[in-house]
Amino acid sequence: MRATEPASDPVAVLLAAAASGSSAWPDLYPGRRAFGYFCSYWPEELVLSLGWEPLRILPIAKRAVPGRLPAYCCFPARSCLAAAEAGEYDFLIGAGFTHTCDTMQSLAGIWHHRDTFQLVPPVTLQGPGADAYCTVEMRNLWHRLAARAGREADPRELRKAISLMNRVRSLALRLDEMRPGLPSSLVAAVLRAGQLMPRAVFAAALEAAWPELEAGVDDGEGRHRLLISGSVLEEDGLYTMVEELGARVVADDTCSGYRSFDGLVDEEKEPVAALVRRLSVRASCPCRHSSLNARPDYLSELARLRGARAAVLVMRKYCDPHAWDATIVSEKLRSSGVSVLILELETGTAGAQEKVRLEAFLECLSDLDQEGQ
Amino acid sequence: MAGNRRYLPLDSTRHLGRTMQRYYFFSRYHGLWGRPWHRPLAWITSGAPVEIVRAMGIDPVYPENFGAICGTRRVTSELCRVAEQAGYSQDLCSYARADIGALLRPDLAPMGGLPKPDLLVACNNICGTVLKWYEALARRLNVPLFMIDTPFVAGELEEHAVAYVSAQLQDLIRQLETFTRRRFKPGQLQKHIDLSNEAVKLWCEIREMCRTRPSPLNTPDLFVHMAPIVVLRGTPAAVTHYRRLRSEVRERVHSGQGAVPGERYRLLWDNIAIWHQLFRFYRLFSDRGACFVTDTYSGGWSVQPAPGEAMESLARTYTAVFLNRSVAFRTRQMVNLIRDFHLDGFVMHSNRSCKPYSLVQEEIRHRVIDETGVPGLVVEADMADARIYAEEQVQTRVQAFLEALETRI
């Protein structure tokens with residue numbers, strides 16, 4: 001079934017899109033021109049304003065050993081490059097890299113697959129001169145993309161794109177707030193679909209899916225409430241495992257999860273400046289610097305707001321920014337009374353070893369509950 | 001015979017030893033003399049514009065240089081274990097782990113660790129790790145962190161990036177004025193910039209003399225003698241040292257004396273040194289008459305400053321450092337070195353601790369081979385953590401590489 005075809009079950013459409021991955025685009029959406037991007041800081045609106053569709057390039061489990069990256073590089077970068085080398089992204093118009101970590105910087109340098117575009121936002125988004133710099137950087141990117149598209153960079157089209165993305169992000173926020181009553185893997189999959197489907201198609205499908213989603217809401221009673229934080233999670237296995245072991249993800253701070261959708265663009269402002277503004281108000285990733293405790297404080301507050309009493313910090317092997325943050329974030333969460341499990345994953349697949357660790361962690365939580373009663 | 005093949009030591013190394021001992025002696029006891037003289041101590045990254053820091057009467061020490069010292073003294077692995085026990089992943093940069101380990105267990109560190117700083121200054125032109133490393137230090141030491149963000153230069157350095165970095169440097173000065181309660185004096189900044197420029201000019205001259213055949217220096221000499229251009233940048237001590245070194249190297253050139261007796265192969269080194277194997281590793285090459293005539297790493301400090309007004313010049317110079325540049329730029333740099341220094345091959349250290357340097361090396365290797373036709377070897381190791389080093393494997397690969405070179409000459 002193609003996701004663009006009318007479907008009696010819109011939830012099934014969303015789940016099918018999520019399960020298909022980035023490289024299934026030509027089969028699912030023939031005729032639609034996709035532009036690949038890697039990082040949630042990439043301004044999808046610029047792509048949409050030029051008549052293209054933004055498509056998040058996520059790792060593919062079956063490929064991971066490209067000749068041009070060493071083994072001590074993270075799996076997501078290795079996997080994406082291996083897939084590109086195998087021709088799985090030949091359908092893309094181009095690829096967009098936002099400067100984040102050293103690995104993505106390197107991947108951008110060796111990704112000569114179609115046209116490559118880079119956006120280098122400030123590391124310190126609120127720093128002196130950052131706003132003016134980022135506005136020029138964003139505008140230049142837009143014009144480079146427009147030149148590639150052979151079109152004018154039209155502010156009216158950009159406003160329409162902003163409006164569409166605000167609709168998508170508002171829906172994602174609403175879904176994120178329903179997490180305590182919905183299966184963790186379902187929410188993760190739907191949010192991932194929001195990065196893999198044409199945005200208007202996704203928004204329509206999610207709106208159509210609301211009745212079914214709302215009907216499926218349970219009270220989550222008796223489940224341990226978890227916060228999950230980390231970089232990209234391209235599979236739902238960990239979320240499914242959480243559910244099977246009697247817990248629920250009530251707050252999500254993963255690069256491919258809700259953090260990707262956080263923050264709306266001000267539709268009243270000049271559009272490029274408004275896009276820049278969103279980057280500094282959205283939930284920050286570890287590659288950005290504002291104050292020393294901004295991220296630990298944000299995650300601690302997120303856990304409090306959602307009533308999460310435990311957190312799973314997912315560290316992808318060789319992901320330096322998240323590995324650095326794991327130390328301070330776990331200290332902060334523990335000092336706030338939130339139990340923490342640091343779970344290292346190389347691929348996106350959570351296997352038996354991770355299950356044992358997660359199970360033991362949740363049993364400890366249960367023991368703590370019993371002691372507290 | 002092997003003993004006769006060792007490469008020629010430099011007399012200037014004794015002077016270097018004294019210079020560095022003096023620097024670390026004064027740094028170590030900075031707490032005693034710095035406070036009465038109202039001179040704060042800063043920990044600073046190797047790519048930060050230190051001229052501003054010095055102009056504000058702040059004395060810098062360099063955790064990265066300290067990381068290299070820990071590496072050469074082979075204590076990094078022990079210090080890394082301390083940091084790992086405190087929750088830092090073993091996949092993080094070994095300089096950073098050793099530095100944090102030394103903070104937690106100064107008794108295990110050379111010189112009892114670095115003296116505690118009053119402030120931290122980090123510039124991300126060399127990697128993203130310094131941002132996270134210095135954030136961690138700022139939390140542990142409870143001192144202010146001053147960050148300078150130099151946007152990655154994907155193509156050419158653009159004016160809006162220069163303006164952004166200039167704005168940050170102006171802001172850094174304002175913040176340091178508040179911190180030190182001292183007024184910024186442009187004349188002081190110019191004095192330190194002039195001293196930096198003089199040292200850079202000398203360092204360039206010394207490196208350029210290695211075009212001579214035989215080369216008067218082997219790259220381990222450059223690694224040892226690069227210390228002043230990093231930690232004493234902007235001081236008369238660096239200029240004095242490099243004048244002395246230049247005289248000695250010039251003398252070698254005039255007398256036709258090569259660093260490696262019977263120089264047969266001329267090679268290029270790419271990446272940070274393998275500090276824990278500094279002489280042992282390079283001897284694998286010098287024993288067979290292979291001399292590393294030049295390198296990309298210590299050459300990072302040989303870039304002539306950009307022209308223009310002081311702040312703009314600093315912004316341009318520090319943003320455009322080679323580790324902040326594209327694969328195309330770095331390929332061109334290596335191709336030019338191979339051509340200009342008449343090299344027979346190159347060796348890349350795939351350094352687990354330095355991702356921006358290492359992850360693109362395979363791509364660069366292919367491009368350089370395509371353009372120059374000279375062979376390139378990749379050796380996997382870590383700049384400081386000896387646990388990563390597989391000696392037998394390295395020896396086998398080096399041997400095969402040198403045998404392949406032999407067939408070409």
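A, B, ... follow the sequence lines: proteins, then strands. Residue 1 opens every chain. Everything quoted here is computed from the prediction, not taken from an experiment.
B/D370 CG: more than 12 foreign heavy atoms inside a 6.0 Å radius. More than 12 heavy-atom neighbours from other residues, nucleotides or ligands sit within 6.0 angstrom of CD on B/E309. Annotation for B/Q393: atom CD does not count as buried by contact number, only 12 or fewer foreign heavy atoms lying within 6.0 Å. More than 12 non-hydrogen atoms from other residues, nucleotides or ligands lie less than 6.0 angstrom from CZ of B/R365.
Between chain B and the residues A/C134, A/P321, A/A326, A/A130, the largest count of heavy-atom pairs under 4.5 Å involves A/A130. The choice from B/E363, B/Q361, B/E380 that makes the most heavy-atom pairs within less than 4.5 Å of chain A is B/E363. Contact tally against chain A (heavy-atom pairs below 4.5 Å) for B/E362, B/R352, B/K355: the top residue is B/R352. Note on B/N124, B/N351, B/T150: by heavy-atom pairs under 4.5 Å with chain A, the leading option is B/N351. Chain A forms more heavy-atom pairs under 4.5 Å with one residue of B/A96, B/S326, B/P151 than with any other, namely B/P151. Contacts with chain A were tallied for B/A328, B/C93, B/C127; B/C127 has the most, counting heavy-atom pairs under 4.5 Å. Heavy-atom pairs under 4.5 Å with chain A peak, among B/A163, B/A86, B/S358, at B/S358. Contact count versus chain B (heavy atoms, under 4.5 Å) is highest, among A/C287, A/G109, A/S106, for A/S106. Among A/G127, A/A71, A/P122, the residue making the largest number of heavy-atom pairs under 4.5 Å with chain B is A/P122.
Using a 4.5 Å cut-off between heavy atoms, A/E137 contacts chain B through both its backbone and its side chain. Of the atoms belonging to B/L145, it is side-chain heavy atoms, and not backbone ones, that fall under 4.5 Å from chain A. Both the backbone and the side chain of A/H289 come within contact range of chain B, with heavy atoms under 4.5 Å apart. The part of A/I328 that comes within reach of chain B is its side chain, from C-beta onward, which places non-hydrogen atoms under 4.5 angstrom from that chain. For B/L359, the parts lying near chain A are the backbone and the side chain together; criterion is any non-hydrogen pair under 4.5 Å. Using a 4.5 Å cut-off between heavy atoms, B/D91 touches chain A through backbone and side chain atoms alike. Heavy atoms of B/L169 lying under 4.5 Å from chain A are absent altogether.
Interatomic distance, A/D297 CG to A/L302 CG, rounded to the nearest 0.5 Å: 12.5 Å.
Side-chain contact annotation: A/R259 with A/S284, donor-acceptor N/O pair under 3.5 Å absent. In the model, B/S350 has a side-chain atom that pairs as donor or acceptor with a side-chain atom of A/Y72 under 3.5 Å.
Side chain of A/R316 to backbone of A/E346: a donor-acceptor contact under 3.5 angstrom is found.
Salt bridge B/E84/B/R97: present, at least one basic N to carboxylate O contact under 4.0 Å.
The stretch residues 117-132 of chain A participates, sequence neighbours left out, in no side chain to side chain donor-acceptor pair (under 3.5 Å) pair at all.
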